[in-house]
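Everything below concerns the one structure shown next.
In the text below, chain A, chain B and the rest are named by the order of the sequence lines, each starting its count at 1.
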2 protein chains.
Amino acid sequence: MGKQMTEMLKGTLEGIVLAFLTGNPAYGYEITTWLRSQGFTDIAEGTVYALLVRIEKNGLVDVEKRPSEKGPPRKVYSLNSDGEKYLEEFWTTWGFLAERLESLRTEGK
Amino acid sequence: MGKQMTEMLKGTLEGIVLAFLTGNPAYGYEITTWLRSQGFTDIAEGTVYALLVRIEKNGLVDVEKRPSEKGPPRKVYSLNSDGEKYLEEFWTTWGFLAERLESLRTEGK
DNA sequence: ACCGGTACATAGTAGCGCTGAGTAGTGACG
DNA sequence: CGTCACTACTCAGCGCTACTATGTACCGGT
(Lines give C-alpha, C1' and ligand atoms only; values in the text may rest on other atoms or scores of the structure.)
Protein backbone atom coordinates (compact mmCIF):
# COMPACT_ATOMS: atom_id res chain seq x y z
CA MET A 1 0.00 0.00 0.00
CA GLY A 2 1.15 3.54 -0.57
CA LYS A 3 2.98 5.09 2.31
CA GLN A 4 0.62 8.06 2.22
CA MET A 5 -2.41 5.82 2.61
CA THR A 6 -0.77 3.92 5.45
CA GLU A 7 -0.19 7.10 7.39
CA MET A 8 -3.60 8.52 6.60
CA LEU A 9 -5.31 5.41 7.89
CA LYS A 10 -3.86 6.04 11.29
CA GLY A 11 -6.78 7.35 13.26
CA THR A 12 -9.30 6.84 10.49
CA LEU A 13 -9.28 3.07 10.13
CA GLU A 14 -10.67 2.76 13.62
CA GLY A 15 -13.54 5.05 12.71
CA ILE A 16 -14.18 3.15 9.50
CA VAL A 17 -14.46 -0.13 11.35
CA LEU A 18 -16.67 1.34 14.07
CA ALA A 19 -18.91 2.84 11.44
CA PHE A 20 -19.19 -0.52 9.72
CA LEU A 21 -20.09 -2.12 13.02
CA THR A 22 -23.00 0.28 13.54
CA GLY A 23 -26.09 -1.91 13.58
CA ASN A 24 -24.02 -4.54 11.86
CA PRO A 25 -22.18 -6.94 14.19
CA ALA A 26 -19.27 -8.64 12.50
CA TYR A 27 -16.16 -10.71 13.11
CA GLY A 28 -12.56 -10.03 12.20
CA TYR A 29 -12.22 -11.99 9.03
CA GLU A 30 -15.49 -10.58 7.73
CA ILE A 31 -14.36 -7.02 8.43
CA THR A 32 -11.07 -7.63 6.66
CA THR A 33 -12.72 -8.91 3.50
CA TRP A 34 -15.24 -6.09 3.58
CA LEU A 35 -12.46 -3.52 3.85
CA ARG A 36 -10.75 -5.09 0.86
CA SER A 37 -13.96 -5.02 -1.11
CA GLN A 38 -14.21 -1.31 -0.32
CA GLY A 39 -10.93 -0.62 -2.03
CA PHE A 40 -8.59 -0.96 0.92
CA THR A 41 -7.08 -3.89 -0.90
CA ASP A 42 -3.87 -4.07 1.04
CA ILE A 43 -5.12 -3.92 4.59
CA ALA A 44 -3.16 -6.50 6.57
CA GLU A 45 -5.12 -9.05 8.54
CA GLY A 46 -2.95 -8.44 11.55
CA THR A 47 -3.89 -4.77 11.45
CA VAL A 48 -7.60 -5.51 11.73
CA TYR A 49 -7.25 -8.00 14.55
CA ALA A 50 -4.98 -5.67 16.48
CA LEU A 51 -7.49 -2.88 16.03
CA LEU A 52 -10.30 -5.11 17.29
CA VAL A 53 -8.30 -6.04 20.37
CA ARG A 54 -7.74 -2.35 21.00
CA ILE A 55 -11.34 -1.23 20.70
CA GLU A 56 -12.41 -4.15 22.85
CA LYS A 57 -9.92 -3.17 25.53
CA ASN A 58 -11.18 0.41 25.31
CA GLY A 59 -14.70 -0.82 25.88
CA LEU A 60 -16.19 0.42 22.62
CA VAL A 61 -17.57 -2.95 21.55
CA ASP A 62 -19.22 -6.01 23.00
CA VAL A 63 -17.90 -9.42 22.03
CA GLU A 64 -19.67 -12.71 21.59
CA LYS A 65 -18.07 -16.00 20.66
CA ARG A 66 -19.94 -18.06 18.09
CA PRO A 67 -19.06 -21.38 16.50
CA SER A 68 -18.29 -21.18 12.79
CA GLU A 69 -19.33 -23.65 10.10
CA LYS A 70 -15.85 -23.30 8.75
CA GLY A 71 -12.75 -22.97 10.83
CA PRO A 72 -12.30 -21.84 14.42
CA PRO A 73 -15.00 -20.06 16.43
CA ARG A 74 -15.70 -16.44 15.53
CA LYS A 75 -15.50 -13.45 17.78
CA VAL A 76 -18.44 -11.29 16.83
CA TYR A 77 -18.07 -7.61 17.66
CA SER A 78 -20.94 -5.18 18.11
CA LEU A 79 -20.87 -1.48 18.88
CA ASN A 80 -22.03 -0.57 22.37
CA SER A 81 -23.15 2.80 23.70
CA ASP A 82 -19.62 3.94 24.52
CA GLY A 83 -18.64 2.99 20.99
CA GLU A 84 -21.48 5.05 19.59
CA LYS A 85 -20.38 8.04 21.61
CA TYR A 86 -16.83 7.57 20.44
CA LEU A 87 -17.98 7.24 16.84
CA GLU A 88 -19.90 10.49 17.11
CA GLU A 89 -16.76 12.26 18.27
CA PHE A 90 -14.92 10.64 15.41
CA TRP A 91 -17.35 12.09 12.89
CA THR A 92 -17.00 15.51 14.47
CA THR A 93 -13.22 15.35 14.27
CA TRP A 94 -13.31 13.98 10.77
CA GLY A 95 -15.83 16.60 9.68
CA PHE A 96 -13.59 19.40 10.85
CA LEU A 97 -10.54 17.97 9.13
CA ALA A 98 -12.37 17.21 5.90
CA GLU A 99 -13.80 20.71 5.78
CA ARG A 100 -10.36 22.30 6.29
CA LEU A 101 -8.80 20.13 3.61
CA GLU A 102 -11.61 20.67 1.15
CA SER A 103 -11.26 24.41 1.41
CA LEU A 104 -7.51 24.05 1.02
CA ARG A 105 -7.93 22.01 -2.13
CA THR A 106 -10.40 24.35 -3.79
CA GLU A 107 -9.44 27.80 -2.54
CA GLY A 108 -5.79 27.08 -3.04
CA LYS A 109 -5.07 28.40 0.43
CA MET B 1 -5.73 18.30 21.45
CA GLY B 2 -8.03 15.34 21.20
CA LYS B 3 -6.35 12.01 20.75
CA GLN B 4 -8.49 11.36 17.70
CA MET B 5 -7.28 14.52 16.00
CA THR B 6 -3.69 13.70 16.84
CA GLU B 7 -3.94 10.35 15.14
CA MET B 8 -5.89 11.68 12.20
CA LEU B 9 -3.28 14.32 11.53
CA LYS B 10 -0.74 11.62 10.88
CA GLY B 11 -0.33 11.64 7.16
CA THR B 12 -2.57 14.63 6.59
CA LEU B 13 -0.64 17.38 8.34
CA GLU B 14 2.14 17.02 5.81
CA GLY B 15 -0.34 17.50 2.97
CA ILE B 16 -1.89 20.48 4.69
CA VAL B 17 1.47 22.19 5.00
CA LEU B 18 2.48 21.37 1.44
CA ALA B 19 -0.84 22.69 0.20
CA PHE B 20 -0.30 25.90 2.13
CA LEU B 21 3.15 26.22 0.60
CA THR B 22 1.76 26.05 -2.93
CA GLY B 23 2.62 29.38 -4.49
CA ASN B 24 3.06 30.71 -0.99
CA PRO B 25 6.57 30.34 0.41
CA ALA B 26 6.62 30.51 4.18
CA TYR B 27 8.77 29.86 7.23
CA GLY B 28 8.18 27.63 10.21
CA TYR B 29 6.88 30.09 12.70
CA GLU B 30 4.53 31.56 10.10
CA ILE B 31 3.18 28.12 9.23
CA THR B 32 2.59 27.34 12.90
CA THR B 33 0.60 30.51 13.51
CA TRP B 34 -1.36 29.97 10.30
CA LEU B 35 -2.28 26.44 11.34
CA ARG B 36 -3.46 27.73 14.68
CA SER B 37 -5.55 30.39 12.97
CA GLN B 38 -7.13 27.63 10.89
CA GLY B 39 -8.45 25.91 13.98
CA PHE B 40 -5.56 23.57 14.66
CA THR B 41 -5.09 25.47 17.87
CA ASP B 42 -2.95 22.93 19.64
CA ILE B 43 -0.37 22.16 17.00
CA ALA B 44 2.98 22.04 18.75
CA GLU B 45 5.80 24.12 17.34
CA GLY B 46 8.11 21.17 17.51
CA THR B 47 5.75 19.19 15.30
CA VAL B 48 5.94 21.74 12.52
CA TYR B 49 9.71 22.08 12.63
CA ALA B 50 10.16 18.33 12.59
CA LEU B 51 7.83 18.10 9.63
CA LEU B 52 9.74 20.79 7.78
CA VAL B 53 13.04 19.03 8.39
CA ARG B 54 11.46 15.88 7.01
CA ILE B 55 10.04 17.34 3.82
CA GLU B 56 13.32 19.15 3.21
CA LYS B 57 15.25 15.93 3.59
CA ASN B 58 12.81 14.25 1.22
CA GLY B 59 13.47 16.97 -1.33
CA LEU B 60 9.91 18.27 -1.56
CA VAL B 61 10.80 21.87 -0.81
CA ASP B 62 13.51 24.42 -1.50
CA VAL B 63 14.89 26.43 1.37
CA GLU B 64 16.17 29.97 1.49
CA LYS B 65 17.54 31.74 4.53
CA ARG B 66 16.37 35.30 5.00
CA PRO B 67 17.17 37.77 7.76
CA SER B 68 14.23 38.72 9.90
CA GLU B 69 13.37 42.13 11.30
CA LYS B 70 12.67 40.38 14.54
CA GLY B 71 14.58 37.46 15.97
CA PRO B 72 16.82 34.95 14.23
CA PRO B 73 16.96 34.49 10.45
CA ARG B 74 14.00 32.74 8.88
CA LYS B 75 14.14 29.58 6.84
CA VAL B 76 11.69 30.15 4.01
CA TYR B 77 10.32 26.99 2.41
CA SER B 78 8.85 26.81 -1.06
CA LEU B 79 7.33 23.85 -2.87
CA ASN B 80 9.44 22.49 -5.71
CA SER B 81 8.38 20.24 -8.59
CA ASP B 82 8.89 17.05 -6.59
CA GLY B 83 6.76 18.54 -3.88
CA GLU B 84 4.03 19.35 -6.36
CA LYS B 85 4.05 15.79 -7.61
CA TYR B 86 3.89 14.52 -4.07
CA LEU B 87 1.04 16.88 -3.27
CA GLU B 88 -0.91 15.60 -6.25
CA GLU B 89 -0.57 12.06 -4.97
CA PHE B 90 -1.65 13.29 -1.59
CA TRP B 91 -4.85 14.73 -3.00
CA THR B 92 -5.55 11.48 -4.83
CA THR B 93 -5.08 9.45 -1.66
CA TRP B 94 -7.08 11.91 0.37
CA GLY B 95 -9.84 12.01 -2.23
CA PHE B 96 -10.24 8.26 -2.11
CA LEU B 97 -10.35 8.17 1.67
CA ALA B 98 -12.73 11.12 1.95
CA GLU B 99 -15.08 9.56 -0.57
CA ARG B 100 -15.13 6.22 1.27
CA LEU B 101 -15.77 7.92 4.59
CA GLU B 102 -18.42 10.23 3.24
CA SER B 103 -20.40 7.32 1.87
CA LEU B 104 -19.98 5.51 5.18
CA ARG B 105 -21.33 8.48 7.05
CA THR B 106 -24.37 9.03 4.86
CA GLU B 107 -25.30 5.55 3.66
CA GLY B 108 -24.76 4.14 7.10
CA LYS B 109 -22.74 1.34 5.53
C1' DA C 1 18.42 44.73 33.10
C1' DC C 2 14.37 42.32 32.20
C1' DC C 3 10.47 40.51 29.70
C1' DG C 4 7.73 39.15 25.94
C1' DG C 5 7.45 38.08 21.21
C1' DT C 6 9.91 36.06 17.30
C1' DA C 7 12.32 32.02 15.32
C1' DC C 8 14.47 27.64 15.12
C1' DA C 9 16.00 23.04 16.95
C1' DT C 10 16.10 18.39 19.16
C1' DA C 11 15.86 14.34 22.34
C1' DG C 12 12.59 11.31 24.07
C1' DT C 13 7.76 9.22 24.19
C1' DA C 14 3.50 7.06 22.55
C1' DG C 15 0.22 5.35 19.23
C1' DC C 16 -1.01 2.99 15.10
C1' DG C 17 -0.52 0.28 10.94
C1' DC C 18 2.54 -3.14 8.62
C1' DT C 19 5.52 -7.35 8.21
C1' DG C 20 6.04 -11.94 8.88
C1' DA C 21 5.27 -15.77 11.14
C1' DG C 22 2.59 -19.13 13.67
C1' DT C 23 -1.61 -21.97 15.36
C1' DA C 24 -5.89 -24.36 14.19
C1' DG C 25 -10.22 -26.00 12.33
C1' DT C 26 -12.86 -27.33 8.07
C1' DG C 27 -13.81 -29.38 3.50
C1' DA C 28 -12.39 -31.01 -1.16
C1' DC C 29 -9.48 -33.33 -4.23
C1' DG C 30 -6.49 -36.90 -5.86
C1' DC D 1 -4.57 -40.26 3.79
C1' DG D 2 -1.88 -36.23 2.61
C1' DT D 3 -2.13 -31.85 1.00
C1' DC D 4 -4.13 -27.78 -0.44
C1' DA D 5 -7.33 -23.82 0.15
C1' DC D 6 -10.12 -21.23 2.93
C1' DT D 7 -11.50 -19.68 7.44
C1' DA D 8 -10.12 -17.41 11.87
C1' DC D 9 -7.30 -15.61 15.29
C1' DT D 10 -2.66 -14.21 17.65
C1' DC D 11 1.85 -12.08 18.46
C1' DA D 12 6.64 -9.97 18.28
C1' DG D 13 9.06 -6.46 16.22
C1' DC D 14 9.48 -2.43 13.10
C1' DG D 15 8.76 2.30 10.99
C1' DC D 16 6.57 6.53 10.79
C1' DT D 17 4.47 10.63 12.67
C1' DA D 18 2.72 13.82 16.18
C1' DC D 19 3.43 15.32 20.98
C1' DT D 20 6.11 16.78 25.16
C1' DA D 21 9.56 19.29 27.02
C1' DT D 22 13.34 21.88 26.77
C1' DG D 23 16.94 24.85 24.98
C1' DT D 24 19.14 28.51 22.08
C1' DA D 25 19.11 33.10 20.29
C1' DC D 26 17.75 37.71 18.57
C1' DC D 27 15.09 41.89 19.13
C1' DG D 28 12.31 46.00 21.07
C1' DG D 29 10.07 48.28 24.79
C1' DT D 30 9.99 49.64 29.60
Gap between atoms CD1 and P, on A/I55 and C/dG17 respectively (whole Å) | 11 Å
Sidechain-backbone polar pair: B/D82 side chain, B/V61 backbone, donor-acceptor under 3.5 Å | no
Strictly below 4.0 Å, heavy-atom distances to any atom of DNA chain C: list the hits from residues 86-101 of chain B, or just say none.
-> none
OP1, OP2 of C/dA7 versus side-chain N and O of B/R66: anything below 4.0 Å?
-> no
Side chain of B/L9: nearest nucleotide among C/dC16, D/dC16, D/dA18?
-> D/dA18
Whole angstrom is fine here: how far is it from CZ in A/R36 over to P in C/dG17?
-> 15 Å
Please identify each residue that fulfils salt bridge (Lys or Arg N to Asp or Glu O under 4.0 Å) with B/E102, with sequence neighbours left out.
-> B/R105
Over how many whole Å does the gap from B/L18 atom CG to D/dT17 atom P extend?
-> 12 Å
Partners of A/R54 by salt bridge (Lys or Arg N to Asp or Glu O under 4.0 Å), sequence neighbours excluded?
-> A/E14
Are A/R54 and C/dC16 close enough that a side-chain N or O sits under 4.0 Å from OP1 or OP2?
-> yes
Residue whose nearest DNA chain C nucleotide is more 5′ - B/K10 or B/A50 | B/A50
Enumerate all atom pairs, one protein N or O and one N or O from nucleotides 3-9 of chain D, separated by less than 3.5 Å.
| from | atom 1 | to | atom 2 | distance (Å) |
| --- | --- | --- | --- | --- |
| D/dT7 | OP2 | A/Y29 | OH | 2.4 |
| D/dT7 | O3' | A/K70 | O | 3.2 |
| D/dA8 | OP1 | A/S68 | OG | 2.7 |
| D/dA8 | OP1 | A/K70 | O | 3.4 |
| D/dA8 | OP1 | A/R74 | NE | 2.3 |
| D/dA8 | OP1 | A/R74 | NH2 | 2.5 |
| D/dA8 | OP2 | A/Y27 | OH | 3.1 |
| D/dA8 | OP2 | A/R74 | NH2 | 3.4 |
| D/dC9 | OP1 | A/K75 | N | 2.6 |
| D/dC9 | OP2 | A/G28 | N | 3.2 |
| D/dC9 | OP2 | A/Y29 | N | 3.1 |
| D/dC9 | OP2 | A/Y49 | OH | 3.0 |

Rounded to whole angstrom units, what separation is found between the CD atom of A/E14 and the P atom of C/dG17?
-> 7 Å
Result block: side-chain N/O donor-acceptor pairs under 3.5 angstrom for residues 6-13 of chain A, not counting sequence neighbours:
| from | atom 1 | to | atom 2 | distance (Å) |
| --- | --- | --- | --- | --- |
| A/T6 | OG1 | A/G2 | O | 3.2 |
| A/E7 | OE1 | A/K10 | NZ | 3.4 |
| A/T12 | OG1 | A/M8 | O | 3.0 |
| A/T12 | OG1 | A/L9 | O | 3.2 |

Distances for protein N/O vs nucleotides 11-13 of chain C N/O pairs under 3.5 angstrom?
none

Who pairs with A/P73 by side-chain contact (heavy atoms from CB on, under 4.5 Å), at least two apart in sequence or on another chain?
-> A/K65
Could you state the atom-to-atom distance from CD1 of B/I16 to C1' of D/dT17 in whole Å?
-> 13 Å
For A/R100, all residues meeting salt bridge (Lys or Arg N to Asp or Glu O under 4.0 Å), sequence neighbours excluded | none
B/T32 side chain to B/E45 side chain, donor-acceptor N/O pair below 3.5 angstrom = no
Identify, with sequence neighbours excluded, every residue that meets side chain to side chain donor-acceptor pair (under 3.5 Å) alongside B/D42.
-> none
Which part of the nucleic acid, if any, lies within reach of B/T47 when heavy atoms closer than 4.0 Å are counted: base, sugar-phosphate only, or nothing?
-> base
Inspect the contact between B/K3 and A/E89 and indicate whether a charged nitrogen and a carboxylate oxygen are less than 4.0 angstrom apart.
-> no
Quick one: A/K3 NZ to C/dC16 P, roughly how many Å, whole number?
-> 19 Å
Sequence neighbours excluded, the answer for side-chain contact (heavy atoms from CB on, under 4.5 Å) partners of B/V63 is B/E56, B/K75, B/Y77
Starting at CD of B/Q4 and ending at C1' of D/dA18, how long is that distance when rounded to a whole Å?
-> 15 Å
How close or far is atom C1' of D/dC19 from atom CE of B/M8, stated in whole angstroms?
-> 17 Å
Where at least one partner belongs to residues 39-76 of chain A, residue pairs that pass ring pair (Phe, Tyr, Trp, His ring centres under 6.0 Å), sequence neighbours excluded = A/F40-B/F96
Sequence-distant partners of A/E88, salt bridge (Lys or Arg N to Asp or Glu O under 4.0 Å), two or more places apart | none
